[in-house]
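Accompanying notes for the structure given below.
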Amino acid sequence: MSVRASNAALISRVLSGSWRSNANPAIAVSIRELDAVTPLVYDSGAAGLGWWRIRDTALAQTPSGELLHQAFRFLALQARIHETRIQRVLVSLRTAGIEPILIKGWSIARLYPQPGLRPYGDIDLLVRPEEHLAAARIAAADEFRDCLIDFHPGAFEVADRSIDDLLSRSQLVQCGDEEVRVLGNEDHFALLAIHLLKHGAWRPLWLCDLGLLLESMSSEFDWELCLGKNSCRSNWILSAVGLAHALLNASINDETISGRANAPAWLVASVLKNWEAPFAAAQAPHRHRAPIKSYFRRPRGFISDLTRRWPDPILATISANGTFGRRRRIRYQIQNCVQRAARLGLRDIQPA
Amino acid sequence: MKSNHQTKPRARKQGLVVQALPDETLVYDLDRDRAHCLNQTASLVWGRCDGRTTTKEIAHALTKSMKQPVNEQIVWLALDQLDRNHLLSEESFIPKTVAGMNRREVVRALGLTAAIAIPAVVSIVAPLPAQAATCLGQGQPCSSSPQCCSNLCSGGFCNSP
């Protein structure tokens, strides 16, 4: 696999340890390199962390530094606005007797040393399947038009755990005037690790989340609970830990885990490849030019678009429930293509 | 009209989102859809605009908290900027020696060296940075089910479960 790693290597250097309160390790980036990397961290959602890394250096005074600073300020204000939205949504749901678990977004952003370092847009809420419809109805009200609420009657990332278990291990934390229910630490880590991989780890911010959690976890953290009983999922989580260590210099305090957390070379290379253009538009499926069905009528451009659809090895591994070993990914990629083709065919033969 | 010394400015509270940071305060004006950044001096002045404290008392309080002598004109300069950016609830009476002067002129008029930062309220202008939206919504193109919020990718599009 040929990897043009310049952009990705820069991202790795800039975001390495960016979740820490102190400036450790010291950033070694020239002004020209900062200029090159700023659009990448900016558009991938890591502008706040970019600013945090350079804030006490001469780079902060450069035009790129100033842009990152302004972005950080915007994101800090947005964080405050989002908090008020979360509180409003929770009050309404609780009034209706629904107790959701807030996942991703705020639940990880709150752990960073400053508001605005970790942006988020959606309010992702895990609800019991039987409460899903009622919750969606409440969220459809006019008063929540400014909120992007996603209700999840379950989540792929924690599909090996029952909602009752997740609720029993969940914890209440303060968000302004309201208490918010978030996942227990072990479930939270598992969710974020698998979430990162199921999206091909293209957003560097997601790996920073893992770095933050790895370095802030207490000695009480139960790794066995986090890894779960499914060997495949436990491999995914350990691979994500290995990635955070390999690419962002995240410390792994547990010796047993650090010995098991290995990201194979192809996985590291795939993530670096995705970081070359860490934008949603550059990733599957957004990079596809047109729906495959449209080529049945007008085949022009079909071959070139087909190459864009060759699955990312990380996504293919997850979609095939494979493990992140050293073996080549080709079998998972072919399996992914066959699955997609079958789904497309099935849709066509289903009566309207 | 009240004299300057009797003026008790009051900070606007309604329609603002405020985020305090260690060295500055960020304010988003929901009515005007504008974001402002108050430096430390402007933040300290704004924080003491409670409608009960005079400008002279604010200057005293600043002197204490900044451990530097703070001229009352500094307070007036901050109030002028806060007022221009609609961050005060009532019209403040800005002395002619401060109103309309730019920062350099005020520094010259006050004879400041660089004891404290001149109060500054600046607009935050930047293209909207990306947020971290993750899973794909209903109807969006997908290549595998885990990419969709609904966890159901069917026929190349995310469907409802």
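In the text below, chain A, chain B and the rest are named by the order of the sequence lines, each starting its count at 1.
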Checklist entry - Which bit of B/S123 comes within less than 4.5 Å of chain A, counting heavy atoms only: side chain, backbone, both or neither? => result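 For B/S123, backbone heavy atoms alone lie under 4.5 Å from chain A.
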Would you say [atom1] of [X] has more than 12 non-hydrogen atoms from neighbouring residues, nucleotides or ligands within 6.0 angstrom?
| X | atom1 | result |
| --- | --- | --- |
| B/R34 | CZ | no |
| A/E130 | CD | yes |
| B/D23 | CG | no |

Checklist entry - What closest approach, in Å, do A/P115 and B/Q19 show between heavy atoms, and which atom pair accounts for it? => result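 Smallest heavy-atom distance, with atoms named: CG-NE2, 3.4 Å.
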Checklist entry - Between atom CZ of A/R80 and atom CG of B/L16, what is the distance when rounded to the nearest 0.5 Å? => result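 Rounded to the nearest 0.5 Å, the CZ-CG separation comes to 12.5 Å.
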Would you say the side chain of [Y] lies within less than 4.5 Å of the side chain of [X], judging by non-hydrogen atoms?
| X | Y | result |
| --- | --- | --- |
| A/L77 | B/V18 | no |
| B/C37 | A/Q70 | no |
| B/E24 | A/R73 | yes |
| A/F74 | B/L26 | no |

Item to check | Residues in side chain to side chain donor-acceptor pair (under 3.5 Å) contact with B/T53, at least two apart in sequence or another chain | outcome: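 In terms of side chain to side chain donor-acceptor pair (under 3.5 Å), with neighbours along the sequence ignored, B/T53 is linked to B/D50.
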